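Remarks on the structure that follows.
Side chains are part of it too, since the values below use all heavy atoms of this structure and drop only hydrogens, waters and symmetry mates. Everything quoted here is computed from the prediction, not taken from an experiment.
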Amino acid sequence: MQFVLDQVGVRFGAVEVLRDVSLALAERRIGVIGDNGSGKSTLARLLNALLAPTTGAVRVDGRDSRAEAAAIRRDVGFVFQNADAQIVMPTVAEDAAFGLVARGVKDPELARRTDDALARFGLAGLRDRPSHALSGGEKQLLALAGVLVTEPQAIVFDEPTTMLDRRNAAKMMDVIAGLPQQAVVVTHHVELLGGFDRVIVLERGRVIADDAAAAAIAFYQGRA
């Protein structure tokens, strides 16, 4: 998919969070890094139309995010920083199936796709477990399973490793690396983006670097 941001600005009241951002994103693996408050999460939400720009335009495969937000969200999944904000059903299996139920998918397809998603992430043995009793790493995998079961073309991850220890953070990034879908990953764990095709660096709402992973990360880490 191609995400095009054309002179995008986002303002919340008197606070300007993003300003004059123009990007065309089509690579398979794209990272977004920057200090706290740089606008990373706001940029992530623009990409799947969870948020509309205050100024400028966001287009996803040519569709304007203001006019076709629902269609864009069907094709672009979103994984939140805090999995508890995304897990809404009482058991693991029910939560994994939630997106399909909302779209009117019925058995046997509903059961097949749910079972496949749980098995893919090693959650099949936990299908009857209370969702919120899972470990942090298991919750993140469940949140991702709940997105993947709807078969999006691309997935945006907003700080998917922030609440995980280093071992589970590395595991999550391995899972992301193996996904067939295009992925845009916002993270402060810059060392996990080494194999990415492209990395964007934000500072105070502006793009200050846009390069191959190694070059962009070196620029970010080398700032005075």
Side-chain angles (χ1 to χ4, degrees), residues 28-32 40-41 44-45 47-51 69-70 72-193 195-196:
R28 183 170 177 269
R29 293 290 179 265
I30 300 166
V32 181
K40 302 187 304 295
S41 291
R45 283 161 172 74
L47 297 181
N48 88 321
L50 280 173
L51 177 69
I72 290 170
R73 285 196 290 269
R74 282 195 294 270
D75 288 339
V76 183
F78 196 96
V79 176
F80 290 85
Q81 173 180 337
N82 185 350
D84 284 319
Q86 195 158 350
I87 293 172
V88 295
M89 298 300 289
T91 70
V92 168
E94 288 173 307
D95 196 79
F98 178 76
L100 294 178
V101 173
R103 295 182 186 202
V105 177
K106 306 292 186 183
D107 281 333
E109 183 182 2
L110 174 67
R112 177 186 61 79
R113 288 168 64 176
T114 301
D115 289 347
D116 286 350
L118 292 176
R120 180 175 187 176
F121 297 116
L123 299 172
L126 304 177
R127 59 178 301 112
D128 297 320
R129 182 83 59 87
S131 302
H132 291 284
L134 299 179
S135 70
E138 289 166 343
K139 286 179 180 178
Q140 282 292 63
L141 290 173
L142 176 57
L144 179 53
V147 170
L148 284 177
V149 77
T150 64
E151 300 178 349
Q153 295 180 45
I155 305 174
V156 178
F157 295 82
D158 184 15
E159 298 277 11
T161 61
T162 294
M163 304 186 75
L164 304 180
D165 60 28
R166 192 155 295 275
R167 182 181 66 84
N168 279 314
K171 180 179 178 181
M172 174 58 67
M173 293 305 293
D174 285 343
V175 168
I176 293 171
L179 295 175
Q181 286 91 348
Q182 180 183 15
V184 180
V185 181
V186 170
T187 184
H188 69 279
H189 286 150
V190 298
E191 70 278 8
L192 300 176
L193 301 178
F196 274 44

For the pair Arg166 and Glu191, evaluate salt bridge (Lys or Arg N to Asp or Glu O under 4.0 Å) and give the outcome as yes or no after the intermediate values.
CA-CA 11 Å; Arg166 192 155 295 275; Glu191 70 278 8; 2.6 Å; yes
For Gly31 and Phe196, the nearest pair of non-hydrogen atoms, with its separation, is N-CD2, 3.4 Å
Nearest-0.5 Å distance that lies between atom CG in Leu118 and atom CG in Leu142
7.5 Å
In the structure I gave you, are the side-chain heavy atoms of Gln182 and Gln153 within less than 4.5 Å of one another anywhere?
no
side-chain contact (heavy atoms from CB on, under 4.5 Å), that's the test. Do Val184 and Phe157 meet it? Break it down for me.
CA-CA 6 Å; Val184 180; Phe157 295 82; over 6 Å; no
Would you indicate whether the side-chain heavy atoms of Val149 and Phe98 approach each other to under 4.5 Å?
no
Distance check, rounded to the nearest 0.5 Å: Gln86 atom CD versus Gln81 atom CD?
12.0 Å
Indicate the atoms forming the closest heavy-atom contact of Asn168 with Gly137, along with that distance.
CG-CA, 4.3 Å
What's the verdict on side-chain contact (heavy atoms from CB on, under 4.5 Å) for Met172 and Leu192, showing C-alpha distance, side-chain angles and the deciding distance?
CA-CA 10 Å; Met172 174 58 67; Leu192 300 176; over 6 Å; no
Any side-chain heavy atom of Leu50 sitting closer than 4.5 Å to one from Phe80?
yes
With Glu94, which residues qualify under side chain to side chain contact (heavy atoms under 4.5 Å, CB included), at least two apart?
Met89, Pro90, Thr91
List the atom of Ala93, the atom of Thr114, and the distance in Å for their closest heavy-atom pair.
O-CG2, 3.8 Å
Measure the spacing between NZ of Lys139 and CG of Leu134 and express it to the nearest 0.5 Å.
7.0 Å
Take a 6.0 Å sphere around CZ of Arg112 and say whether it holds more than 12 heavy atoms from other residues, nucleotides or ligands.
yes
Validation row: Leu179, Leu148 side chains within 4.5 angstrom (heavy atoms)
yes
Do Asn48 and Phe78 touch side chain to side chain, with heavy atoms closer than 4.5 Å?
yes
Between Ser41 and Asp158, is a side-chain hydrogen bond (donor to acceptor under 3.5 Å, both in side chains) present by the stated rule, with each step listed?
CA-CA 6 Å; Ser41 291; Asp158 184 15; 2.8 Å; yes
Check side chain to side chain contact (heavy atoms under 4.5 Å, CB included) between Arg28 and all other residues, then give those that pass, not counting sequence neighbours.
Asp197
From CA spacing to verdict: side-chain contact (heavy atoms from CB on, under 4.5 Å), Val88, Asp95:
CA-CA 6 Å; Val88 295; Asp95 196 79; 3.8 Å; yes
Approximate separation, where rounding is to 0.5 Å, of Ile87 CD1 and His132 NE2
5.5 Å
OG1-NZ distance between Thr187 and Lys40, expressed to the nearest 0.5 angstrom:
8.5 Å
Between Ala143 and Ala83 the two heavy atoms that sit nearest each other are CB-CB, 4.3 Å
Taking the side chain as C-beta and beyond, is there a heavy-atom pair between Leu100 and Lys106 under 4.5 Å?
no
If you define the side chain from C-beta out and look only at heavy atoms, does anything of Arg74 sit under 4.5 Å from Pro152?
no
Contact between Ile155 and Val147 at the side-chain level, heavy atoms closer than 4.5 Å - yes or no?
yes
State, to 0.1 Å, how close Ala177 and Arg29 come at their nearest heavy-atom pair, and which atoms those are.
O-NH2, 3.6 Å
Asp116 and Arg120: CA distance, side-chain angles, deciding distance, salt bridge (Lys or Arg N to Asp or Glu O under 4.0 Å) verdict:
CA-CA 6 Å; Asp116 286 350; Arg120 180 175 187 176; over 6 Å; no
What verdict does the side-chain contact (heavy atoms from CB on, under 4.5 Å) test give for Gln181 and Glu151, after you've listed the backbone C-alpha separation in whole Å, the side-chain angles of each residue and the deciding distance to 0.1 Å?
CA-CA 9 Å; Gln181 286 91 348; Glu151 300 178 349; 5.6 Å; no
Gln140 CD to Leu164 CG distance, which is reported to the nearest 0.5 Å:
5.5 Å
